[in-house]
Amino acid sequence: MLSPSSAVHRVTGRARPVSATLPPLPVRLVMLRALCGGAGRFVRPCRQLGSLRYRPQRGLPLQHSPDVPPAVGRWLLACSGAVAGAVVLGGVTRLTESGLSMVDWHLVKEMKPPRTQQEWEAEFQKYQQFPEFKILNRDMTLTEFKFIWYMEYSHRMWGRVVGLAYILPAAYFWRKGWLSRPMKGRVLALCGLVCFQGLLGWYMVKSGLEEKPDSYDIPRVSQYRLAAHLGSALVLYSASLWMGLSLLLPRHQLHETRQLLQLRHFAHGATALIFLTALSGAFVAGLDAGLVYNSFPKMGERWIPDDLLAFSPTLRNIFENPTTVQFDHRILGTASVTAVTALYLFSRKISLPHRTRMAVTSLLAVAWAQVALGISTLLLYVPTPLAATHQSGSLALLSVALWLMSELRRLPK
């Protein structure tokens with residue numbers, strides 16, 4: 001009688017071990033991985049009820065299916081970094097009041113800056129025909145004009161670099177067949193959005209070049225167009241960063257408990273609030289609302305200022321009254337840091353992987369640093385370096401919030 005660990009050879013009739021009838025070890029490992037859910041998992045044998053079973057080791061992250069090469073994820077992260085640079089440079093351009101120095105727009109022609117004295121004087125004469133010079137900068141010299149011109153020129157050239165950073169690699173990856181069908185649609189949307197962003201930027205600048213005979217206010221771009229320009233940039237940045245993180249960061253094996261589901265919803269809500277607060281900053285910048293009440297926590301001597309609803313109809317105050325715009329930004333900023341703090345405290349009740357825990361802690365630290373920057377900027381009457389740092393901090397806070405959302409993603413079914 002043969003033992004369970006042996007088998008009979010068909011020709012010789014002799015008993016031989018079962019292991020001799022199995023395929024080689026590497027082939028068996030591949031088969032085991034396939035049976036247990038894909039090559040991204042590691043398995044270990046465990047005997048239970050007399051049979052051999054394999055189960056995934058706990059605590060190990062699951063890799064994504066290799067549908068898209070990691071190079072695509074790294075490219076998307078690089079693109080998000082380029083967009084972040086454009087947002088920061090645009091904020092500095094706005095703070096230095098340089099955005100209206102270039103009074104026309106040409107996709108290729110304006111890439112060559114003036115070189116001779118005659119070319120600079122001709123460019124300066126064009127600027128002198130528009131409201132900003134007539135009302136605000138009558139005493140400006142050619143040297144001072146060169147500074148604001150180069151600020152705007154740098155912002156526009158960086159925008160062109162961002163466009164090429166999206167379009168050229170996208171065409172290469174498409175041609176190489178590295179993009180899955182869903183990814184092709186997303187990449188096309190990103191490329192379309194970056195082109196739209198350039199056109200929206202010029203549409204915004206045009207609003208500050210228009211003559212307004214009945215107004216003697218300081219010429220500035222429309223706060224509505226500025227908010228649209230910043231909002232589309234934030235969408236482009238967020239989408240690129242999210243897609244890059246989704247491709248490069250493995251998903252964790254998290255137990256789908258009720259508390260985890262609540263934490264995930266909490267993170268989504270906090271991220272939306274952070275995005276809305278950053279967008280409201282465009283209205284603060286567009287109306288110079290940071291110079292209205294330079295005190296904290298009160299606005300002047302009152303918690304709620306008298307001119308909060310000075311405009312009629314009432315809805316106009318939300319977008320056109322500098323006092324209301326600053327008040328709204330304060331409320332949104334306070335709500336954001338409160339939500340992040342509550343999220344951190346709630347997360348302490350849940351067992352989370354180390355990387356996820358690090359994302360939650362980083363979000364709390366960046367949120368409070370951003371609040372400190374905002375209050376300091378307000379109390380010091382909006383100095384350019386501090387205000388630029390505060391604007392950059394909003395991007396950093398949004399980035400960490402997106403990172404946390406990526407850490408809390410569900411496993412694919």
Side-chain angles (χ1 to χ4, degrees), residues 26 30 33-34 37-41 61-90 105-113 153-204 228-252 275 355 395 398-399 402-403 405-407 409-413:
V30 172
R33 291 176 180 176
R41 297 186 181 183
L62 297 179
Q63 302 288 341
H64 280 288
S65 300
D67 296 333
V68 180
V72 177
R74 290 191 288 268
W75 161 63
L76 289 169
L77 289 185
C79 287
S80 67
V83 175
V87 172
V88 172
L89 186 56
W105 188 84
H106 301 282
L107 183 61
V108 178
K109 182 180 177 181
E110 72 180 23
M111 295 179 69
K112 179 182 176 183
Y153 175 79
S154 301
H155 183 52
R156 293 193 185 190
M157 292 304 103
W158 188 256
R160 284 163 172 75
V161 170
V162 172
L164 293 177
Y166 274 94
I167 295 172
L168 295 182
Y172 173 79
F173 292 143
W174 193 300
R175 184 177 179 83
K176 294 286 288 186
W178 289 2
L179 302 178
S180 62
R181 186 172 181 179
M183 184 61 65
K184 287 181 179 179
R186 296 167 192 163
V187 167
L188 279 178
L190 292 178
C191 292
L193 185 57
V194 76
C195 295
F196 172 75
Q197 176 70 2
L199 296 175
L200 190 57
W202 171 242
Y203 180 66
M204 176 192 69
H229 187 49
L230 176 63
S232 62
L234 292 178
V235 170
L236 179 63
Y237 172 77
S238 301
S240 302
L241 181 62
W242 174 262
M243 290 167 61
L245 292 176
S246 299
L247 291 174
L248 294 178
L249 290 183
R251 305 191 188 195
H252 296 289
F275 185 94
R355 201 177 65 203
L395 267 182
L398 181 61
S399 303
L402 290 169
W403 173 29
M405 284 178 55
S406 178
E407 292 292 330
R409 287 172 297 160
R410 287 187 177 91
L411 289 173
K413 295 182 180 180

(request) Could you go through the side chain to side chain contact (heavy atoms under 4.5 Å, CB included) check for Val83 and Leu234 one step at a time? (result) CA-CA 8 Å; Val83 175; Leu234 292 178; over 6 Å; no
(message) Has Ser406 got a side-chain atom pairing as donor or acceptor with Leu402's backbone, closer than 3.5 angstrom?
(response) no
(message) Quick check for you: to the nearest 0.5 Å, what is the distance between Leu199 atom CG and Trp105 atom CH2?
(response) 5.5 Å
(request) Compare every heavy atom of Ala165 with every heavy atom of Trp75, then report the nearest pair and how far apart it is. (result) NE1-O, 2.8 Å
(request) Go through the steps for Val235 and Phe275 under the test side chain to side chain contact (heavy atoms under 4.5 Å, CB included), then give the verdict. (result) CA-CA 9 Å; Val235 170; Phe275 185 94; 3.9 Å; yes
(request) Without swapping roles, check the side chain of Trp158 against the backbone of Ala82 for a donor-acceptor pair under 3.5 Å. (result) yes
(request) Give the minimum heavy-atom separation between Leu200 and Ser232, together with the two atoms involved. (result) CD2-OG, 3.6 Å
(message) Could you measure the distance from the CG atom of Leu245 to the CG atom of Leu76? Nearest 0.5 Å is fine.
(response) 10.0 Å
(message) Testing the basics here: between Val87 and Ala233, what is the closest heavy-atom pair and its distance to 0.1 Å?
(response) CG2-CB, 3.9 Å
(message) If I take atom CG from residue Leu249 and atom CZ from residue Arg409, how far apart are they, to the nearest 0.5 angstrom?
(response) 6.5 Å
(message) For the CZ atom of Arg355 and the CH2 atom of Trp403, what is their distance to the nearest 0.5 Å?
(response) 8.0 Å
For residues 171-193, which side-chain donor-acceptor pairs fall under 3.5 Å, sequence neighbours excluded?
residue : atom : partner : partner atom : Å
Ser180  : OG   : Met183  : N            : 3.4

(request) To the nearest 0.5 angstrom, please state how far the SG atom of Cys79 sits from the CG atom of Leu241. (result) 11.5 Å
(message) Can you tell me how far apart OH (Tyr237) and CG (Leu398) are? Round to the nearest 0.5 Å.
(response) 6.5 Å
(request) Kindly say whether Met111 contributes a backbone atom to a donor-acceptor pair with the side chain of Tyr153 at under 3.5 angstrom? (result) yes
(message) Under a 3.5 Å distance rule, please check whether Arg160 uses its side chain to pair with a backbone N or O of Leu107 as donor and acceptor.
(response) yes
